[in-house]
Amino acid sequence: MNNQNVEIPVDLAAIIAKYDTAAINKSPIKYYKAVLSVTNEMITLLQDYENAKDEIISEISKITQEISENYTIKKYLTKDENALLEERQKVLARRFTVNTNDAKEEILSVKVQADELAARIYEANHFKNSLIELEKIENAPRVSFEFLTENLAEIILDAQSKINFFVENKHFVTAVVENLMDWNDDYNYFRLNSRGKLEQVCKKHHIYIENYNKWYDDWQKVRFAIEKKFLPLIEFGLERNLGDLAIKVLEILTEYKVDVDNFYLNERHIIYQKISAQKGNELQEKFATESEFYKVTEDFQRNLQEVIFECNKIEDRAFLMHWAEPLFNFSMNEIMAFIEDRNINIPVEIYNQFNDLRRHSLLAYLGDSRDYSAIIEEREKDFNDLLFKMQKHILRK
């Protein structure tokens with residue numbers, strides 16, 4: 001028998017109909033007895049449901065076991081890096097919990113309170129002023145039995161909905177867990193090995209340590225910015241029931257990560273070698289680097305374009321755009337920071353044009369894929385034109 005499709009209904013009206021709610025709400029004795037009765041019934045319903053779903057619960061628990069373990073702090077990662085990796089593992093472990101333990105604890109907490117009410121009545125009977133003590137108990141505030149029962153039913157329905165989500169989205173959950181572990185392993189590998197790889201390449205081409213140390217810092221900054229995008233994307237897929245879309249976007253983001261690594265390992269030193277002998281080489285090198293890196297980012301934009309326009313709802317397209325824009329604008333932000341940090345004087349008109357380009361959102365072009373594609377191409381042209389104008393002005397001095 002396939003028990004994944006078994007449902008244990010919670011008929012709130014039928015449950016409440018078993019009780020004389022008016023009498024229960026007036027009498028603390030009837031109240032605690034009724035609460036004990038209804039919590040026992042709810043626990044039984046919950047247990048029956050869990051038994052009916054034991055196969056899927058066991059299956060998903062095995063899938064999510066690794067991310068449910070406590071995160072181990074890595075000494076070679078920064079505080080912010082450890083915090084990011086730990087937080088996304090905790091959030092997904094919490095989202096992917098597939099048991100009814102929390103619901104049971106909430107219902108049992110109500111049952112304990114009913115037992116405590118019974119104990120207070122018993123203790124009051126042994127006071128010399130028992131009538132006064134009982135009067136206090138009688139007039140003490142209590143939630144109505146109807147609302148209490150409704151809330152207990154909601155607790156069960158919420159637990160059922162979480163388990164039903166896994167029945168319907170097992171493929172997505174499996175993909176998320178696999179990707180999370182792959183991403184964690186990949187970032188740990190990057191932090192342990194990439195500096196050494198870059199050093200080997202640069203030493204082979206007689207590049208000084210101060211240069212490739214700076215390049216590694218830039219590389220790490222981009223990589224960490226990419227890592228920050230993992231959890232928001234998965235949460236978007238969960239909240240909007242767009243798991244397949246989220247996994248597609250994650251695959252594109254993974255490709256971008258590979259392209260970024262390739263840029264710093266195989267292209268960054270070539271840019272330096274072409275520029276190093278020229279006048280104003282630091283400025284020219286920075287501009288040339290960001291111009292070439294922008295091409296990598298533009299590939300990411302175009303790959304993401306196809307997925308964005310698969311979304312039927314404009315709000316889903318808008319989310320993906322907001323989500324990706326910090327990566328789209330990375331090179332522009334780097335140029336602005338470079339100019340401002342060094343107090344480089346450029347014409348106000350050029351400065352404002354560049355700033356406007358950086359701040360101009362692509363959201364206005366989400367209605368038509370052709371318009372969006374055209375604006376991507378136009379932005380790259382404007383970006384390079386403004387870089388050329390900046391560079392020409394600065395080097396003329």
Side-chain angles (χ1 to χ4, degrees), residues 60-74 76-98 102 161-162 165-166 168-192 194 219-261 297 300-301 303-304 307-308 310-311 313 315-330 333 363:
I60 298 297
S61 294
K62 289 177 181 177
I63 293 170
T64 60
Q65 181 178 3
E66 195 168 3
I67 69 169
S68 299
E69 298 172 358
N70 290 333
Y71 176 81
T72 302
I73 298 295
K74 312 296 190 304
Y76 50 84
L77 298 182
T78 67
K79 181 179 179 181
D80 288 343
E81 289 171 329
N82 273 307
L84 178 70
L85 269 60
E86 182 176 22
E87 175 65 12
R88 70 188 185 191
Q89 181 172 324
K90 280 184 176 180
V91 168
L92 292 177
R94 186 166 60 247
R95 292 293 295 265
F96 292 166
T97 297
V98 283
D102 288 344
S161 69
K162 288 180 180 178
F165 167 83
F166 291 104
E168 298 166 4
N169 297 277
K170 186 177 72 172
H171 173 73
F172 177 48
V173 174
T174 302
V176 169
V177 172
E178 288 177 351
N179 274 282
L180 175 65
M181 303 317 298
D182 287 346
W183 272 60
N184 284 357
D185 290 344
D186 181 67
Y187 194 71
N188 285 318
Y189 180 86
F190 165 75
R191 293 290 276 117
L192 284 169
S194 294
W219 186 7
Q220 183 185 352
K221 189 193 302 183
V222 180
R223 281 297 240 103
F224 190 54
I226 295 172
E227 293 295 320
K228 290 179 180 179
K229 297 300 171 185
F230 183 95
L231 183 58
L233 176 62
I234 299 305
E235 290 186 311
F236 163 75
L238 288 168
E239 297 297 333
R240 302 290 295 176
N241 196 26
L242 292 170
D244 289 343
L245 180 75
I247 295 302
K248 281 185 181 180
V249 175
L250 190 62
E251 289 171 354
I252 292 170
L253 188 63
T254 302
E255 289 178 17
Y256 178 55
K257 184 171 56 170
V258 172
D259 289 343
V260 168
D261 291 351
T297 302
F300 170 56
Q301 285 183 274
N303 290 335
L304 191 60
V307 180
I308 287 177
E310 285 179 15
C311 299
K313 295 182 178 179
E315 57 265 36
D316 294 333
R317 296 182 187 180
F319 168 84
L320 291 174
M321 183 57 61
H322 279 302
W323 170 84
E325 271 191 331
L327 299 179
F328 293 170
N329 293 336
F330 207 92
N333 292 335
L363 288 172

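The analysis underlying the following values was restricted to heavy atoms, covering all of them including side chains, and did not include hydrogens, waters or symmetry mates. Not measured: the values here are computed from a predicted model.
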Note to self: Can you confirm whether L327 sits close enough to L253 that some side-chain heavy atom of one is under 4.5 Å from a side-chain heavy atom of the other?
What the structure shows: yes
Check: Restricting to pairs with a member in residues 181-191, which pass side-chain hydrogen bond (donor to acceptor under 3.5 Å, both in side chains), not counting sequence neighbours?
Finding: Y76-N188, E81-Y187, E81-R191, R88-N184, W183-T254, D186-R223, D186-K257, Y189-K197, R191-Y216
Check: When rounded to the nearest 0.5 angstrom, what distance separates OG1 in T297 from CG in L304?
Finding: 12.0 Å
Check: Hey, which of F319, W323, F230 is the one that makes ring-ring contact (aromatic ring centres under 6.0 Å, His included) with F236?
Finding: F319
Note to self: If the condition is salt bridge (Lys or Arg N to Asp or Glu O under 4.0 Å), which residues does K228 pass it with, not counting sequence neighbours?
What the structure shows: none
Next item on the list: For F330 and I226, run side chain to side chain contact (heavy atoms under 4.5 Å, CB included): C-alpha distance rounded to whole Å, both residues' side-chain angles, the deciding distance at 0.1 Å, then the answer.
Entry: CA-CA 11 Å; F330 207 92; I226 295 172; over 6 Å; no
Notebook entry, point to check: Does a side-chain heavy-atom distance below 4.5 Å link I63 with F96?
Noted result: no
Check: Going by heavy atoms in the side chains, are E66 and V177 under 4.5 Å from each other?
Finding: no
Note to self: Once rounded to the nearest 0.5 Å, what's the spacing between atom CG of L233 and atom CG of L238?
What the structure shows: 10.0 Å
Check: If you draw a 6.0 Å radius around NZ in K162, do more than 12 non-hydrogen atoms from other residues or ligands fall strictly inside?
Finding: no
Check: Is any side-chain heavy atom of L320 less than 4.5 Å from a side-chain heavy atom of D316?
Finding: no
Check: Taking atom CZ of F166 and atom CD1 of I60, what is their separation to the nearest 0.5 Å?
Finding: 6.5 Å
Item checked: From N169 atom CG to D244 atom CG, the distance as rounded to the nearest 0.5 Å -> 8.5 Å
Item checked: Donor + acceptor pair across side chains of Y256, N303 (<3.5 Å) -> no
Check: F300 versus D259: any side-chain heavy-atom pair under 4.5 Å?
Finding: no
Next item on the list: Starting at CD of E86, measure out to NZ of K79 and round the result to the nearest 0.5 Å.
Entry: 11.5 Å
Item checked: More than 12 heavy atoms from other groups under 6.0 Å of NZ on K248 -> no
Next item on the list: Would you give the length of the straight line joining atom CZ of F190 to atom CG of D261, rounded to the nearest 0.5 angstrom?
Entry: 6.5 Å
